[in-house]
Amino acid sequence: MFTTSDHVFMSQALQLAEKGLYTTSPNPRVGCVITRNNQVVGNGWHEAAGQPHAEINALAMTGEMARGATAYVTLEPCNHHGRTPPCVNALIQAGITRVLVAMEDPNPLVRGGGIEALRQAGVLVQSGLMQHQAEVLNAGFVKRMRQKKPWVRLKMAASLDGKTALKNGQSQWITGEAARRDGHHWRARSCAVLTGIGTVIADNPQLTVRHVPTSRQPRKVIIDNRLAIPLDTDVLSGETVYIFTTSTEKMEKIDKLEKMGVNVIPIEQSDQGRVNLVDVMTTLAQLECNEILVEAGSILNGALIQAGLVDELIIYIAPSLLGSNARDMFQLPELSSLDQKFTLKIDDVRMIGQDIRVIAHL
């Protein structure tokens with residue numbers, strides 16, 4: 001069904017889409033390659049929300065060479081007016097006669113509409129070429145469209161014996177500089193970085209991207225059941241901040257936070273009397289967050305896993321031992337049988353400086 005050349009050109013389109021890794025949110029990352037007689041005559045990618053889509057950028061490069069050409073697009077061309085006009089119309093008007101699509105648009109309101117419009121205009125459309133790679137590139141957008149939840153990555157730095165901090169809370173720095181810099185790439189691609197009030201009070205983090213060039217900072221999300229956050233903590237400065245809390249009676253403090261530009265969002269209590277984490281993720285999806293990076297302590301880490309909200313683990317393992325009394329990565333209930341264990345699929349293992357980085361799916 002697909003030729004070797006088709007795979008080559010779609011691979012190029014996926015590489016172009018990846019250039020928008022840090023910038024397209026809340027839109028998906030999309031790349032487009034246009035060929036004629038098996039030669040590339042134009043290419044482009046979607047750079048940021050509100051800017052031209054990948055197909056439009058590719059057509060601008062192609063010009064008159066688009067007539068009778070083939071377009072390779074990593075996501076189904078849009079057939080609706082959003083921040084920009086429909087790409088389907090531009091492809092048809094340019095004279096594109098064949099379109100290969102890696103994946104259909106997962107948005108249930110528009111899924112399949114672009115492909116159908118192209119076919120009705122007489123364009124040959126084939127879909128499913130390198131679909132898995134396209135979905136991985138846009139895991140957060142896909143999950144938000146299909147399940148109304150963001151893709152949640154949980155990032156940790158730990159010793160070889162699985163400890164994240166000493167008993168007294170000291171944790172800076174378990175891993176080396178290379179691992180810490182690598183962690184900022186994951187921040188840069190995320191729509192928001194989420195942590196708990198315990199981490200805020202213990203570490204006073206900034207939760208900003210500092211080691212990677214980026215045109216935007218991720219939003220900051222804090223789980224603070226009792227609204228105990230100090231008003232002078234570093235995390236409250238800079239970019240958009242959301243605090244999810246069950247404490248709505250502290251009106252004076254809420255007023256002060258809101259005057260500082262902080263968004264205080266009341267959330268119903270869970271059965272354990274804490275912030276309902278499922279509601280938090282649903283709200284973040286409504287706020288158009290595709291990917292969430294969690295940098296928290298063992299209690300929140302464990303709670304997110306038990307709630308079934310974690311999609312991916314990123315663990316940096318340092319060549320050190322911190323001892324049995326040091327703090328664990330997750331606070332999880334005791335299991336009575338191995339059948340109850342949380343099963344992981346390891347996707348990638350590599351050295352980052354002197355540390356090991358493991359990426360796994362739950």
Side-chain angles (χ1 to χ4, degrees), residues 9-33 43-58 72-78 82-84 87 101-103 105-107 130-146 149-155 178-194 207-221 239-240 284-285 287-295 311-314 316 347-348 350 352 357 359-361:
F9 295 133
M10 188 60 81
S11 294
Q12 292 178 12
L14 286 164
Q15 291 171 11
L16 288 166
E18 196 169 355
K19 290 188 175 184
L21 197 65
Y22 303 153
T23 60
T24 63
S25 175
N27 289 359
R29 298 133 185 163
V30 184
C32 178
V33 170
N43 58 56
W45 69 94
H46 180 48
E47 298 180 20
Q51 295 188 19
H53 288 187
E55 300 93 321
I56 305 304
N57 288 329
Y72 296 82
V73 191
T74 60
L75 181 71
E76 175 184 0
C78 62
R83 295 182 176 94
T84 57
C87 293
V101 176
M103 63 175 290
D105 192 328
N107 187 336
M130 304 185 75
Q131 178 176 331
H132 174 72
Q133 292 90 325
E135 290 194 355
V136 168
L137 183 62
N138 284 304
F141 179 77
V142 170
K143 187 179 179 187
R144 181 165 67 87
M145 290 295 108
R146 291 178 178 169
K149 297 284 193 305
W151 183 268
V152 177
R153 291 187 179 91
L154 203 161
K155 181 177 77 70
R180 297 196 295 274
R181 293 178 67 88
D182 187 72
H184 279 252
H185 286 274
W186 297 102
R187 282 189 185 180
R189 68 176 289 170
S190 301
C191 300
V193 181
L194 183 149
L207 301 185
T208 55
V209 179
R210 298 185 297 280
H211 300 301
V212 178
T214 181
S215 59
R216 65 165 182 86
Q217 289 287 341
R219 287 174 269 188
K220 304 171 185 179
V221 179
E239 301 300 316
T240 305
L284 290 175
L287 291 167
E288 296 189 311
C289 288
N290 293 333
E291 299 179 15
I292 305 296
L293 184 67
V294 178
E295 299 187 19
D311 299 288
E312 190 173 5
L313 299 176
I314 303 172
Y316 298 90
D347 297 311
D348 185 78
R350 67 182 64 189
I352 305 291
R357 189 189 71 189
I359 298 179
H361 284 79

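One is the number of the first residue; the rest follow in order along the sequence. Remember, predicted model here, so these are calculated numbers, not experimental data.
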From Leu293 atom CG to Glu312 atom CD, the distance as rounded to the nearest 0.5 Å: 10.0 Å
Criterion side chain to side chain contact (heavy atoms under 4.5 Å, CB included) on Ile359 and Trp186, from CA distance to verdict: CA-CA 12 Å; Ile359 298 179; Trp186 297 102; 3.7 Å; yes
Nearest heavy-atom neighbours spanning Leu16 and Cys32: CD1-O, 3.6 Å
Worked verdict on Val221 versus Ile292 for side chain to side chain contact (heavy atoms under 4.5 Å, CB included): CA-CA 9 Å; Val221 179; Ile292 305 296; 5.6 Å; no
Sequence neighbours excluded, every pair satisfying salt bridge (Lys or Arg N to Asp or Glu O under 4.0 Å) that has a member inside residues 134-145: Glu135-Arg146, Lys143-Asp311
Any Arg29 side-chain heavy atom under 4.5 Å of Phe141 side chain: no
Smallest separation among heavy atoms of Met103 and Pro106, with atom names: CE-CD, 4.0 Å
For the student: nearest non-hydrogen atoms of Pro150 and Leu284, plus distance: CG-CB, 4.5 Å
Minimum-distance pair of heavy atoms, taken over all atoms of Ser25 and Glu288: OG-O, 4.4 Å
Lys19 NZ/CZ over Trp45 ring centroid, <6.0 Å and within 45° of normal: yes
Atom pair CZ (Arg219) and SG (Cys289), whose distance is rounded to the nearest 0.5 Å: 3.5 Å
Exercise: identify the closest heavy-atom pair between Pro26 and Asn290: O-ND2, 2.9 Å
Smallest separation among heavy atoms of Ala17 and Thr74, with atom names: CB-OG1, 4.1 Å
Backbone of Pro52 reached by a side-chain donor or acceptor of His46 within 3.5 Å: yes
Separation between CG of Leu75 and CG of Asn107, rounded to the nearest 0.5 Å: 10.0 Å
Check against side chain to side chain contact (heavy atoms under 4.5 Å, CB included), Lys220 and Val193: CA-CA 5 Å; Lys220 304 171 185 179; Val193 181; 5.8 Å; no
Main-chain N/O of Thr23 paired to Arg216 side chain as donor or acceptor, under 3.5 Å: no
Mutual orientation of the aromatic rings belonging to His211 and His184 [parallel < 30°, tilted 30-60°, perpendicular > 60°]: perpendicular
Any pair counted as salt bridge (Lys or Arg N to Asp or Glu O under 4.0 Å), so long as it reaches residues 178-191, sequence neighbours left out: Asp182-Arg357, Arg187-Glu295, Arg189-Glu291
Verdict with reasoning, Leu21 to Leu137, per side chain to side chain contact (heavy atoms under 4.5 Å, CB included): CA-CA 8 Å; Leu21 197 65; Leu137 183 62; 4.2 Å; yes
Option among Gln131, Gln133, Met130 that satisfies the side chain to side chain contact (heavy atoms under 4.5 Å, CB included) test with Met10: Met130
Those residues that, when tested against Phe9, pass ring-ring contact (aromatic ring centres under 6.0 Å, His included) (two or more places apart): Tyr72
